[in-house]
There are 2 protein chains.
Amino acid sequence: MTEKTREKMIGGAALLISQRGVQGTSFSEVLELTDTPRGSIYHHFPGGKDELVAEAIALLGSVVSERIRNTEADRPEQVAEAFSKGWREFVEATDLKSVCVMSAVTVGAGADSEELLPAVAGAFASWRDALADAYTRTGLGKSDGRRLALTSVAALEGAMIVARAEQSMEPFDAVQQDLVTLARAAGDRK
Amino acid sequence: MTEKTREKMIGGAALLISQRGVQGTSFSEVLELTDTPRGSIYHHFPGGKDELVAEAIALLGSVVSERIRNTEADRPEQVAEAFSKGWREFVEATDLKSVCVMSAVTVGAGADSEELLPAVAGAFASWRDALADAYTRTGLGKSDGRRLALTSVAALEGAMIVARAEQSMEPFDAVQQDLVTLARAAGDRK
DNA sequence: GTCTATACGAAGATAGAC
DNA sequence: GTCTATCTTCGTATAGAC
């Protein structure tokens, strides 16, 4: 079950990174959480920690953009609401102890491994493009769609951080409501 | 010049934290950047690294909330614009290599020192209250003002992260424009 | 208040056996 | 593929002299 071990490690790393940051996540913790053998790390990830983190980025990047693409919506505000809802569920499921993996990697990227930033940027871009698509499909103009997509991503990344710090969902509620307002207003202008 | 050394260390730590994260910032780097004597660290900060980080949080917390309180604005959108402008200048001045200290601490907080989170939460609260005040002073209702304040903080925290990852100011532009739109719309509803 | 030296622990990474 | 053992580096923190 080679793939199983590898996948488990990646998933576990993603979860830990979102809760403790990249530098706060050690191999030992990943092994313990995922119940995987220490001897396998450098077999599965010859590139070491950076490679593991890169896989976690890729995993979350594709999961989320897939999810965006599968969103069914007739109106722009439904796109905003669905996107926000996905993150909200994640944050609540982890007891307000998580931020987005992308934020965690971005923050820790200055120390070493600046090479991970492009991977994060790629994930952000894929989310933004998928969101922009969804917005324009529900009637927004191209430039409104792209701008709203960018704002949606940024605002929710930030909401997760503020919510984690304050241990409160209020920032989330505020952002979600305002994103819906923006989307609706943009839709009405058409 | 006791205070000088201490202040320099705090300022340098704040800058490094915003660029490399908390765990990515070592005493050695702070000392090198600020040209301060190694022997003074535990004299000035008997609580060790946590105390230094706590001081950086306090410093930035009060600087920013002070700045918000000194903003002159007649209309809500001017509040949003001024707040956004402050962060934009910071990000551009550091060559798109920084995120907010509060984000950096929040991300790294899960690993150890969960005790720093309340300090971050306090800073966020002070910004939010100062912003909410500014919004209501320009005519918004209490609940609109508070919600918009929360969204402003979250969206800009996120904008800094996405901008850092993508090495682009576009997320910033999008967030700023949308915040202004929201503020203006809220003002017009009155 | 500042110095040097050092204790102590943790983490990433490698080597070689099985 | 997985194991154990170990190397090396680095960071925080402490001790004690000046």
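Here is the naming used below: chain letters follow the sequence lines, and residue numbers restart at 1 for every chain. Side chains included, hydrogens not; waters and symmetry mates left out as well; all remaining heavy atoms used.
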May I have the step-by-step check of side-chain contact (heavy atoms from CB on, under 4.5 Å) for I41(A) and M9(A), ending in yes or no?
CA-CA 9 Å; I41(A) 296 183; M9(A) 284 178 172; 4.2 Å; yes
Pair T71(B), R67(B) - check side-chain hydrogen bond (donor to acceptor under 3.5 Å, both in side chains), show working.
CA-CA 7 Å; T71(B) 301; R67(B) 189 179 171 130; over 6 Å; no
Determine, step by step, whether V107(B) and R164(A) satisfy the side-chain contact (heavy atoms from CB on, under 4.5 Å) criterion, reporting the C-alpha distance in whole Å, the side-chain angles of both residues, the deciding distance to 0.1 Å, and the verdict.
CA-CA 9 Å; V107(B) 166; R164(A) 165 99 169 87; over 6 Å; no
List the steps, then state whether side-chain contact (heavy atoms from CB on, under 4.5 Å) holds for L156(A) with F172(A).
CA-CA 7 Å; L156(A) 281 164; F172(A) 239 95; 3.8 Å; yes
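Among the nucleotides dT2(C), dA13(C), dT2(D), the one closest to the side chain of K49(A) is dA13(C). Nearest nucleotide to the side chain of H43(A), out of dT12(D), dA13(C), dT2(D): dT2(D).
A heavy atom lying under 4.0 Å from DNA chain C marks the following residues of residues 23-32 of chain A, by number: T25(A), S26(A), F27(A).
Taking 4.0 Å as the cut-off between side-chain N and carboxylate O, E81(B) and K85(B) do not count as a salt-bridged pair.
The shortest distance between side-chain heavy atoms of Q78(A) and T138(A) does not fall below 4.5 Å.
For the 3.5 Å distance criterion, the side chains of R38(B) and S28(B) qualify, holding a donor opposite an acceptor. For R69(A) and S65(A), the side-chain atoms include at least one donor-acceptor pair closer than 3.5 Å.
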Identify all pairs in which a protein N or O lies below 3.5 Å from an N or O of nucleotides 3-7 of chain D, and state each distance.
unit_1, atom_1, unit_2, atom_2, d
dC3(D), OP2, R38(A), N, 3.4
dC3(D), OP2, G39(A), N, 3.3

Close N/O contacts between protein and nucleotides 14-17 of chain C (under 3.5 Å):
none

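Counting only distance, with no hydrogens or angles, the side chain of T151(A) and the backbone of A174(B) share a donor-acceptor pair below 3.5 Å. Not a single donor-acceptor pair under 3.5 Å links the side chain of E166(A) to the backbone N or O of V162(A).
In this structure, the CZ atom of R6(A) is 11 Å from the P atom of dG1(D), given to the nearest Å. Atom CZ of F45(A) and atom P of dT2(D) are 12 Å apart (whole Å). The separation between E51(B) atom CD and dA13(D) atom C1' is 14 Å, rounded to whole Å. Counting to the nearest Å, the P atom of dT2(D) and the CE atom of M9(A) are 8 Å from each other. Look at CG on L16(A): it is 15 Å from C1' on dA11(C), rounded to the nearest Å. The distance from atom CG of D50(B) to atom P of dG11(D) is 17 Å, rounded to the nearest whole Å.
Aromatic ring orientation, W87(A) versus W127(A): tilted (interplanar angle from 30° to 60°).
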